[in-house]
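Being a predicted model, the structure only gives us computed values, none of them experimental. Just so you know, residue 1 is the first one in the sequence shown, and it goes up from there. Both ligands and their constituent atoms are indexed starting at 1 by order of listing.
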Amino acid sequence: MGRLDNRVAVVTGAAHGERAALGSHFAKALAAEGAKLVVADLKDCASVAGEIVSGGGEALSVTVDVRDEQSTRDLVAATLARYGRLDILVNNAAIGSNIPPVPVLDLDVRAWDELYAVNVRGPFLCVKAALPQMRKQKYGKIINIGSQTMYLGLPNRLHYVSAKGAIMAMTRALARELGPDGICVNTIAYGLITSALTEHEMEQDPAHKARVFGPRMMQVHIRVEDVAGGLVYLASPESDRMTGQCLMVDPGSVCL
Ligand SMILES: NC(=O)c1ccc[n+]([C@@H]2O[C@H](COP(=O)([O-])OP(=O)(O)OC[C@H]3O[C@@H](n4cnc5c(N)ncnc54)[C@H](O)[C@@H]3O)[C@@H](O)[C@H]2O)c1
């Protein structure tokens, strides 16, 4: 018996990718605990859904643009048509892991708006689309994906860092608004995930590696295999008395 048997989960940004592709790992971890999955992305998620199904789980692949209100409504409609309920929403889709550093005076307003449309408006629209069903069920788990950068104040990525700050503020405000409906809203925030690409980048640039590892209480990498434990916890009934919080998975870089 899994910890998420009979639960239905939507994970945005769940396609396979060149970088961390955390969404695909989250989706597989939720499925391994018995959740029925909807994997959604601008890109095709069929291969991720296929992996879940070959592993004995259930999954539906949906194309979504989280910037677009109708598209997020269609995502929820497809979820309900397939499974009849929606318990877990993981707001993972984002522009982020590969944006180059840029000083504030050179940060283009279009880049700012484009990032906010995905990273802030996207989670808002997904919540708006999912909420009527969660309210009807009197149960829901909304999990937003944050970043340690919002606490560390990482320089030269003001749009990304401030958008993650907005996500944490949204988590608190929504948690208070939706608490009476039995809906938990939490953020899980990560430090830099080590993928083959980011490991190579750190090897090429020891100062960058020192910046990443310097604040960590544990001098260890965070690999994709390490990210799902906290997320499954936030999706499961084990965290039913936890809302409005931020769970840090960053080897001790930030103490809240
Ligand atoms: N990788 C890290 O080191 C790290 C660290 C902390 C937090 N995070 C956060 O984790 C999450 C996942 O990061 P990742 O590194 O796996 O990123 P990624 O770039 O590998 O994946 C992001 C996914 O979002 C999708 N996406 C982008 N715009 C979209 C849109 N408009 N509609 C639907 N889907 C869209 C992309 O197609 C992609 O598949 C993000 O919220 C990121 O900010 C990542």
Side-chain angles (χ1 to χ4, degrees), residues 10-29 38-49 61-76 89-100 111 113-126 129 142-152 154 157 159-168 170-171 187-199 201-202 208-209 211-213 216 221-228 230-231 246-251 253-254:
V10 171
V11 180
T12 66
H16 280 135
E18 321 161 351
R19 294 187 75 96
L22 293 183
S24 64
H25 295 277
F26 294 151
K28 286 185 258 182
V38 177
V39 283
D41 201 294
L42 267 182
K43 295 187 284 190
D44 187 16
C45 289
S47 60
V48 177
S61 163
V62 174
T63 303
V64 70
D65 183 344
V66 298
R67 296 169 294 190
D68 180 72
E69 185 158 28
Q70 189 55 50
S71 185
T72 58
R73 285 187 182 148
D74 293 345
L75 167 63
V76 170
L89 168 65
V90 183
N91 278 318
N92 168 74
I95 296 173
S97 51
N98 53 355
I99 46 171
D113 287 346
E114 278 165 24
L115 187 139
Y116 264 70
V118 180
N119 294 21
V120 182
R121 188 167 83 208
F124 156 61
L125 290 178
C126 290
I142 297 170
I143 305 169
N144 297 319
I145 306 302
S147 161
Q148 66 168 25
T149 60
M150 67 191 172
Y151 292 111
L152 288 178
L154 184 77
R157 287 185 178 85
H159 48 347
Y160 179 77
V161 175
S162 62
K164 287 299 183 191
I167 286 300
M168 192 54 226
M170 205 188 286
T171 295
T187 288
I188 182 162
Y190 297 99
L192 182 71
I193 310 297
T194 305
S195 61
L197 196 62
T198 56
E199 188 153 17
E201 285 166 356
M202 281 192 262
H208 169 51
K209 186 173 181 179
R211 276 194 302 276
V212 171
F213 277 81
R216 292 187 180 175
H221 287 278
I222 319 167
R223 299 193 188 272
V224 289
E225 308 83 75
D226 305 318
V227 298
L231 184 105
C246 183
L247 190 60
M248 300 299 303
V249 181
D250 69 339
S253 297
V254 172

| query | Does even one non-hydrogen atom of G122 get within less than 4.0 Å of ligand 1? | reply | no
To the nearest 0.5 Å, atom CG of L152 lies from atom OG of S147 at 8.0 Å
Atoms of ligand 1 under 4.0 Å from any heavy atom of D65, numbered from 1 in the order shown, are 30 (C), 31 (N), 32 (N)
A student checking ligand 1 against L42 at a 4.0 Å heavy-atom cut-off should list atoms 28 (N), 29 (C), 30 (C), 31 (N), 32 (N), 33 (C), 34 (N)
Residues at least two apart in sequence or cross-chain that pass salt bridge (charged side-chain N to carboxylate O under 4.0 Å, His left out) with E201, listed by chain then number, are R19
**Asked** Okay, side chain of N92, backbone of G13: is any donor-acceptor separation there less than 3.5 Å?
**Response** yes
- [ ] In plain terms, say whether D65 and R67 are close enough for a salt bridge, that is, a side-chain N and a carboxylate O under 4.0 Å apart.
- [x] yes
Logged contact type for V118 with ligand 1, heavy-atom cut-off 4.0 Å, is side chain
Counting from 1 in the order shown, the ligand 1 atoms closer than 4.0 Å to a non-hydrogen atom of I145 are 9 (C), 10 (O), 11 (C), 41 (O)
Quick one: does any side-chain atom of S24 pair with a main-chain N or O of V48 as donor and acceptor, under 3.5 Å?
no
Under 3.5 Å: N/O of G23 near N/O of ligand 1: no
Looking only at heavy atoms, the pair that brings N144 and I167 closest together is CB-CG2, 3.6 Å
Looking only at distance, does D41 have an N or O less than 3.5 Å from an N or O of ligand 1? yes
So the atoms of ligand 1 within less than 4.0 Å of a heavy atom of L22 turn out to be 10 (O), 16 (O), 44 (C)
Any heavy atom of Q148 under 4.0 Å from ligand 1? The part involved is neither
Check: Do any nitrogen or oxygen atoms of A14 come within less than 3.5 Å of a nitrogen or oxygen of ligand 1?
Finding: no
Using a 3.5 Å cut-off on N or O atoms only, is L192 in polar contact with ligand 1?
no
Partner of V62 under side chain to side chain contact (heavy atoms under 4.5 Å, CB included), picked from L75, T12, V10, D41, is L75
- Item | Check: I95 N/O within less than 3.5 Å of ligand 1 N/O | no
Closest to atom 27 (C) of ligand 1 (heavy atoms only, candidates G13, A21, A94) is A94
Scanning both residues in full, the closest heavy-atom pair of G23 with V11 reads O-CG1, 3.6 Å
In ligand 1, the atoms that come under 4.0 Å of a heavy atom of V64 are 32 (N), 33 (C)
Q.
So N91 and I142, do their side chains get closer than 4.5 Å, heavy atoms only?
A. yes
_Side chain K209, main chain E199, donor-acceptor under 3.5 Å_ = no
Has A93 got any heavy atom lying under 4.0 angstrom from an atom of ligand 1?
yes
Sorted by chain and number, sequence neighbours left out, salt bridge (charged side-chain N to carboxylate O under 4.0 Å, His left out) with R121 holds for none
| request: Could you tell me if any non-hydrogen atom of G191 lies under 4.0 Å from any atom of ligand 1? | output: yes
**Geometric class of the H221/F213 ring pair [parallel <30°, tilted 30-60°, perpendicular >60°]** = perpendicular
In ligand 1, the atoms that come under 4.0 Å of a heavy atom of A20 are 1 (N), 15 (O), 16 (O), 20 (O)
**Test of proximity, S147 against ligand 1: N or O pairs below 3.5 Å** = no
- Query: Heavy atom of G146 under 4.0 Å from ligand 1?
  - Reply: yes
